[in-house]
Amino acid sequence: MEPLMTTTASTRSDKAALPRVGSVRRVVGQIVGVECDGDYRPELGELLHAADDPSVRLEAHAYRGERMLYCLLHSSGDKLARGSAIVTTEARITVPAGSALLGRAIDLYGDPADGGGPIGEAALRSIYAVPDTARGLAPLGDVLDTGIKAVDFFAPIQKGGKAALVGGAGVGKTVLQTELLRNLLTVTNGVSVFAGIGERVREGRDLYDDLGKQGVRDRTAMVFGYINTNAAVRFRTAAAAAALAEHFRDEERQDVLLFVDNVFRFLQAGSELATLLGEIPSEYGYQATLESEIAQFENRLVSTAQGSITSIQALYVPVDELDNPAVVATLDHMDTTIILSREMAQQGRHPAIDPLRSTSRAIHPDVVGPEHYAAVTDAAALLNQYDRLARIVAVVGEEELAPQNRQVFRRAELLLAYLTQSLFVTAATDGRTGVSVARADTVRDVRAILDGSLDAAEPEKLRFIGDLASAGLLP
């Protein structure tokens, strides 16, 4: 492992007599061509900057011939001109890591992004993965109790696993992710890392404020690469977040929750860079390195004997097409896939989780237990019949169904109503007090609905409640 240095964010890049690399020969968008005019040749990934302005940062990316070095521009190119001298820091990009980051928001370089003061004393860690052949991987752990009924029942998340919140714009991915962050930090002893990639500045500020209101910000480290930053910054923000999570796991031996919003923007930034570099795209227009880029990121998010990393990643789906290559490449690495339905969101069913398309490796009798497994199997069969009957009802009405089908249809309506839930993070906007329901209570309640114990109840009575017992609906 690379040595960790203790330093401050304000002085960590101060060096005297930095080696000269060469001079700028061309600037094309976010790609800078530097002609090396000496003996020094930076390693790929090395951090460079303008000799007269350290805020102009570049990353050594590829050589063309012996002297021409193409760099990724991490800052504005307005201050660069042909002939500008470029020097090297003789190091790759590092971020401050550790407990000093908890409660703070930083950018890729560790500079405060929350309006607060300097980060202070913190260990520096390279954002790039460090091979460790001696590290043993740990298997997935127990199912985490998120308190969200639809998640815990149909798509449970295991400790050390990877979960994707999948959906198009406006279906509630960020809201659900924030609720999961709040709930999991409330019931666990670990810390969390949040990576905001390609999102708006306003959204980052809203998240920062929401976490403060929920009382979990002091256990969360946040790193942002906003949509208005260069593609290289957005692309490397994912690596910076992974480095923070690795530090908490390896050096502080903590269980880590890593949240990414949004992993699609990370891959999209890689596509932008590939286009700027003139690389030949794949058949569908994405970069040819799409699979390897997502694999390099996801393979860092593993559990060891020192601690676990449980990642929950929002995944934007362009035009709601789940067969988008970036979506498919990401889902290949997931243990849990939570699909958010636009149709359910438009019907006011929140969280808008599609129970039939959401999946989890944890749905196995040896993991969730035989009672939960049997209830999931029966509920899925009921909802599959409901989908078929709903098309008939839309044409002829519920009254025309046979008595047995009418019973199936009604129980499915009760189940779908029960799976709606008031969230803590939306209490101020929708006026409903947030609730958390234990997984065992959810399994018990679903079984009661499947067995007909609530056949006399109206579905509306089950909307946005907690468990049936607390709502006084169990017979």
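This structure is a prediction, so every number in the text was calculated from the model and none was measured. Throughout, residue positions are numbered sequentially from 1 according to the sequence presented. Atoms considered below: every heavy atom in the structure, side chains included; atoms not considered: hydrogens, waters and symmetry mates.
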Side chain to side chain contact (heavy atoms under 4.5 Å, CB included) between Ile31 and Leu277, worked out: CA-CA 7 Å; Ile31 307 301; Leu277 289 164; 3.6 Å; yes

Would you say that more than 12 heavy atoms from the other residues, nucleotides or ligands in this model lie under 6.0 Å from the CZ of Arg361, or not? no

Sub-4.5 Å side-chain heavy-atom contact between Leu340 and Leu176: yes

For Thr89 and Arg92, which I'm curious about, is there any donor-acceptor pair between the side chains at under 3.5 Å? no

Counting only N and O atoms by type, is there a donor-acceptor contact under 3.5 Å from the side chain of Ser341 to the main-chain atoms of Met344? yes

Ignoring hydrogens and geometry, is there a side-chain-to-backbone donor-acceptor pair from Asn324 to Pro318 under 3.5 Å? no

Decide whether Glu46 and Thr88 meet the rule of one side-chain donor and one side-chain acceptor closer than 3.5 Å. yes

Counting C-beta onward and ignoring hydrogens, is there a side-chain heavy-atom pair between Ser282 and Leu290 closer than 4.5 Å? no

Check ion pair Asp145-Arg439 (N to O, under 4.0 angstrom): no

Not counting sequence neighbours, list each pair that qualifies as a salt bridge (charged side-chain N to carboxylate O under 4.0 Å, His left out) and has a residue in residues 149-169. Lys159-Asp255

Contact summary for Phe464 and Gly348, nearest pair of heavy atoms: CZ-O, 3.4 Å

Assess the side chains of Gln421 and His350: does a donor N or O sit below 3.5 Å from an acceptor N or O? no

Any non-hydrogen side-chain atom of Glu59 less than 4.5 Å from a side-chain atom of Ile93? yes

Do side-chain atoms of Ser271 reach the backbone of Leu267 as a donor and acceptor pair under 3.5 angstrom? no

Within the structure provided, determine whether Thr146 and Leu184 are in side-chain contact (heavy-atom separation under 4.5 Å). yes

Whether the side chain of Thr237 engages the backbone of Val233 through a donor-acceptor N/O pair (distance < 3.5 Å, no angle test) should be reported. yes

Rounding to 0.5 Å, atoms CG (Leu211) and CZ (Phe194) come to a distance of 8.0 Å

When you compare the side chains of Gln287 and Glu279, does any donor N or O come within less than 3.5 Å of an acceptor on the partner? no

Do any N or O atoms from the side chain of Ser422 and from the backbone of Val435 form a donor-acceptor pair under 3.5 angstrom? no

A side-chain contact here means heavy atoms from C-beta on lying under 4.5 Å apart; do Arg300 and Glu246 qualify? yes

Should Asp206 and Arg202 count as an ion pair when the cut-off is N to O under 4.0 Å? yes

So do the side chains of Pro19 and Glu90 get within less than 4.5 Å of each other, counting heavy atoms only? yes

Shortest non-hydrogen contact from Gly434 to Ala427? N-CB, 4.3 Å

Give a yes or no on whether a salt bridge exists between Arg234 and Glu272, defined as a side-chain N under 4.0 angstrom from a carboxylate O. yes

Electrostatic pair Arg342:Asp320 at N-O distance under 4.0 angstrom: yes

Would you call Arg125 and Asp250 a salt bridge, using N to O less than 4.0 angstrom? yes

Residue Asn228 excluded, over 12 heavy atoms near CG under 6.0 Å: yes

Under a 4.0 Å threshold between the charged nitrogen and the carboxylate oxygen, would Glu179 count as salt-bridged to Arg182? no

Steps toward side chain to side chain contact (heavy atoms under 4.5 Å, CB included) verdict (Lys173, Asn262): CA-CA 9 Å; Lys173 297 185 300 298; Asn262 168 330; 4.3 Å; yes

Out of curiosity, His61 NE2 to Leu276 CG, how far, rounded to the nearest 0.5 Å? 10.5 Å

Any side-chain donor near an acceptor of the partner, Ser311 and Gln313, under 3.5 Å: yes

Given side chains that start at C-beta, do those of Leu72 and Leu273 come closer than 4.5 Å, heavy atoms only? yes

Begin with the C-alpha distance, continue with both residues' side-chain angles, and end with the deciding distance and a verdict on side chain to side chain contact (heavy atoms under 4.5 Å, CB included) for Glu199 and Asp261. CA-CA 7 Å; Glu199 300 302 311; Asp261 191 6; 3.9 Å; yes

Which heavy atom in Tyr418 sits nearest to a heavy atom in Gly466, and how many Å separate them? CE1-O, 3.6 Å

I'd like to know if the side chain of His372 reaches the main chain of Phe153, judged simply by a donor and an acceptor atom lying under 3.5 Å from each other, with no hydrogens or angles considered. yes

Quick one about Thr336 and Ser360 (side-chain donor to acceptor, distance below 3.5 Å, no hydrogens or angles considered), yes or no? yes

What is the minimum heavy-atom distance between Ser303 and Gly160, and which atoms define it? OG-CA, 3.3 Å

Heavy-atom donor-acceptor pair, Asp441 side chain to Val437 backbone, under 3.5 Å: no

State whether Tyr63 and Arg41 meet the cation-pi test: NZ (Lys) or CZ (Arg) under 6.0 Å from the six-membered ring centroid, and within 45° of the perpendicular axis. no

Between Thr178 and Asp210, does any side-chain donor sit less than 3.5 Å from a side-chain acceptor? no

Can you tell me if Glu293 uses its side chain to pair, donor with acceptor, with the backbone of Gly270 under 3.5 Å? no

CZ (Arg357) and CD1 (Ile338) are apart, to the nearest 0.5 Å, by 13.5 Å

Over all heavy atoms of both residues, which pair between Ser55 and Asp53 is shortest? Give the atoms and the distance, please. OG-OD1, 2.6 Å

So, taking the atom named CG in Leu58 and the one named CG in Leu80, what distance separates them when rounded to the nearest 0.5 Å? 6.0 Å

Given Leu315, which of Leu165, Thr337, Val166, Ile339 fulfils the side chain to side chain contact (heavy atoms under 4.5 Å, CB included) condition? Val166

CG of Asp114 to CD1 of Ile119: how many Å apart, nearest 0.5 Å? 6.5 Å

Contact list for residues 258-295, test ring-ring contact (aromatic ring centres under 6.0 Å, His included), sequence neighbours left out: Phe235-Phe266, Phe264-Tyr316, Phe266-Phe297

Thr426 and Asp430: side chain donor to acceptor below 3.5 Å: yes

Around Asp142, counting heavy atoms of other residues, nucleotides and ligands shown, do more than 12 lie under 6.0 Å from its CG? no

Below 4.5 Å, heavy atoms only, C-beta onward: do Asp467 and Thr442 meet side chain to side chain? no

Taking Ser75's backbone N and O only, do any of them form a donor-acceptor pair with Asn230's side chain (distance below 3.5 Å, no angle check)? yes

Using modelled atom types only, decide if a donor and an acceptor are shared between the side chain of Arg219 and the backbone of Gly190 within a distance under 3.5 Å. yes

Measuring from Ile157:CD1 to Met334:CE, what's the distance to the nearest 0.5 Å? 11.0 Å

Going by distance alone, is a donor N or O of one side chain under 3.5 Å from an acceptor N or O of the other, for Thr304 and Gln306? yes

Assess whether side chain to side chain contact (heavy atoms under 4.5 Å, CB included) is satisfied between Cys71 and Leu48, documenting all intermediate values. CA-CA 9 Å; Cys71 304; Leu48 320 176; 3.7 Å; yes

Is a donor from one side chain sitting under 3.5 angstrom from an acceptor on the other, for Ser126 and Thr94? no

